[in-house]
Amino acid sequence: MEIAVVGATGYTGVELVKYLSNHPHFHIKKIFSSSQFGVRLADLEPSLDGICNLTLEALNSENLLKDSSVSAFFLCQPHGTSFELVKKLVEAGKIVVDLSADFRFSNSRLYEKTYNVTHPYPELLEKKAYGIPEIFKSDIVSSNLIANPGCYPTSIIIPLYPLIEKKLVELDNIIV
């Protein structure tokens with residue numbers, strides 16, 4: 001699968017590029033940045049030399065969907081910045097994996113209560129899959145918007161899920 005990484009110059013983007021560069025089913029075709037472009041990512045991040053020799057492209061509407069062979073986009077942007085981009089990519093029929101918290105909740109009320117800000121696309125919250133394949137694999141496979149959970153929720157959900165599923169622990173007894 002031909003993919004693009006948006007926000008490739010930040011910590012999450014760099015680590016994702018390292019991981020995906022060795023993945024047998026993904027080929028990184030494009031990398032985007034809103035602050036640095038026109039230079040090789042490896043020139044900014046020497047640990048990527050020999051791993052990713054792509055040149056950063058400017059993050060704008062014109063560049064984003066220029067290459068139709070890119071079918072999936074991994075967004076490594078700060079919280080609160082991926083709303084418009086996600087909407088545009090989903091509408092274009094692309095697969096989106098958002099690593100920010102912008103689409104992690106299933107409904108806008110919970111999102112707004114947590115972040116004290118109105119979610120601009122509540123209809124997308126209802127369509128997204130939560131990116132823990134150990135639990136939500138069928139949802140992930142059938143969705144074109146995957147909200148990647150953070151490391152802390154993942155570290156809690158993965159070990160608790162089998163206990164909850166087998167009713168070995170009651171929900172109101174969980175304190176994390």
Side-chain angles (χ1 to χ4, degrees), residues 1 3-20 23 26 28 30-37 41 45 56-61 63-65 70-161 164-165 171-172 174-176:
M1 178 180 284
I3 64 166
V5 177
V6 177
T9 58
Y11 174 78
T12 302
V14 168
E15 292 304 313
L16 186 65
V17 167
K18 287 178 188 176
Y19 179 76
L20 293 176
H23 198 285
F26 294 121
I28 302 173
K30 300 275 184 179
I31 52 175
F32 296 92
S33 174
S34 58
S35 61
Q36 306 245 1
F37 40 89
L41 179 58
E45 181 55 53
L56 288 156
E57 296 188 31
L59 179 58
N60 60 47
S61 298
N63 284 344
L64 200 61
L65 295 170
V70 174
S71 55
F73 289 79
F74 288 78
L75 307 185
C76 305
Q77 297 182 287
H79 174 67
T81 62
S82 64
F83 298 118
E84 299 299 324
L85 190 52
V86 167
K87 181 168 178 48
K88 182 176 288 199
L89 291 169
V90 168
E91 286 176 349
K94 303 299 182 179
I95 297 168
V96 178
V97 179
D98 183 28
L99 280 76
S100 78
D102 291 348
F103 291 90
R104 288 182 183 159
F105 290 105
S106 296
N107 67 66
S108 58
R109 284 190 315 273
L110 184 55
Y111 178 89
E112 291 163 9
K113 180 180 178 186
T114 303
Y115 294 109
N116 200 29
V117 57
T118 302
H119 197 289
Y121 302 112
E123 69 280 4
L124 290 177
L125 289 173
E126 298 166 6
K127 294 179 181 178
K128 65 96 177 113
Y130 197 60
I132 299 180
E134 294 86 350
I135 302 170
F136 302 110
K137 184 177 182 176
S138 63
D139 294 341
I140 293 168
V141 169
S142 64
S143 180
N144 66 335
L145 174 55
I146 297 104
N148 193 66
C151 53
Y152 180 71
T154 301
S155 73
I156 302 307
I157 293 168
I158 295 289
L160 280 176
Y161 181 75
I164 294 168
E165 189 178 47
L171 294 178
D172 59 353
I174 297 171
I175 300 171
V176 178

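Residues: numbered from 1 along the sequence shown.
Of all the heavy atoms in L56 and A8, the pair that sits closest is CD2-CB, 4.0 Å. In terms of heavy atoms, G150 sits closest to P153 at O-CD, 3.3 Å. The heavy-atom pair separating V5 from L20 by the smallest distance is CG2-CD1, 4.4 Å. For R104 against L99, the heavy-atom pair with the smallest separation is NH2-O, 2.9 Å. Scanning all heavy atoms of the two residues, the minimum distance from V176 to I174 falls at CG2-CG2, 3.8 Å. Taking each heavy atom of T9 and S35 in turn, the nearest pair found is OG1-OG, 4.3 Å.
Ring geometry for H79 against Y115 counts as tilted: the plane angle lies between 30° and 60°, on a 0 to 90° scale.
Here the CG atom belonging to L75 is positioned 6.0 Å from the CG atom belonging to L89, to the nearest 0.5 angstrom. Note that the CZ atom of F73 and the NZ atom of K88 stand 11.5 Å from one another [nearest 0.5 Å]. Distance check: L59 CG to Q77 CD gives 5.5 Å after rounding to the nearest 0.5 Å. Between the CG atom of N148 and the OG1 atom of T154 there is a distance of 6.5 Å, given to the nearest 0.5 Å. Here S82 contributes atom OG and F103 contributes atom CZ; the two are 5.5 Å apart, rounded to the nearest 0.5 Å. How far CD1 of I157 is from CZ of F136: 7.0 Å, rounded to the nearest 0.5 Å.
For the pair E84 and K87, the salt-bridge criterion is not met [side-chain N within less than 4.0 Å of a carboxylate O].
Formation of a donor-acceptor pair under 3.5 Å by the K94 side chain with backbone atoms of V70 is found in this model. Checking side-chain atoms of S142 against main-chain N and O of D139 turns up a donor-acceptor pair under 3.5 Å.
Within the 4.5 Å cutoff, side-chain heavy atoms of F105 are placed close to those of T114. With a 4.5 Å cut-off on side-chain heavy atoms, T81 and S100 do not count as touching.
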Exercise. Show your reasoning for whether side-chain contact (heavy atoms from CB on, under 4.5 Å) applies to F83 and H119.
Key: CA-CA 8 Å; F83 298 118; H119 197 289; 3.4 Å; yes
Practice problem: Apply the test side-chain contact (heavy atoms from CB on, under 4.5 Å) to residues L85 and L64: give CA-CA distance (whole Å), side-chain angles for both, the deciding distance (0.1 Å), then the verdict. | Solution: CA-CA 9 Å; L85 190 52; L64 200 61; 2.8 Å; yes
Exercise. Please step through side-chain contact (heavy atoms from CB on, under 4.5 Å) for the pair L125 and N107, ending with a clear verdict.
Key: CA-CA 6 Å; L125 289 173; N107 67 66; 5.8 Å; no
Exercise. May I have the step-by-step check of salt bridge (charged side-chain N to carboxylate O under 4.0 Å, His left out) for E123 and K127, ending in yes or no?
Key: CA-CA 7 Å; E123 69 280 4; K127 294 179 181 178; over 6 Å; no
Self-check item: Worked verdict on F32 versus E57 for side-chain contact (heavy atoms from CB on, under 4.5 Å)
Solution: CA-CA 5 Å; F32 296 92; E57 296 188 31; 3.8 Å; yes
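Between F26 and F74, a ring centre-to-centre spacing shorter than 6.0 Å is recorded.
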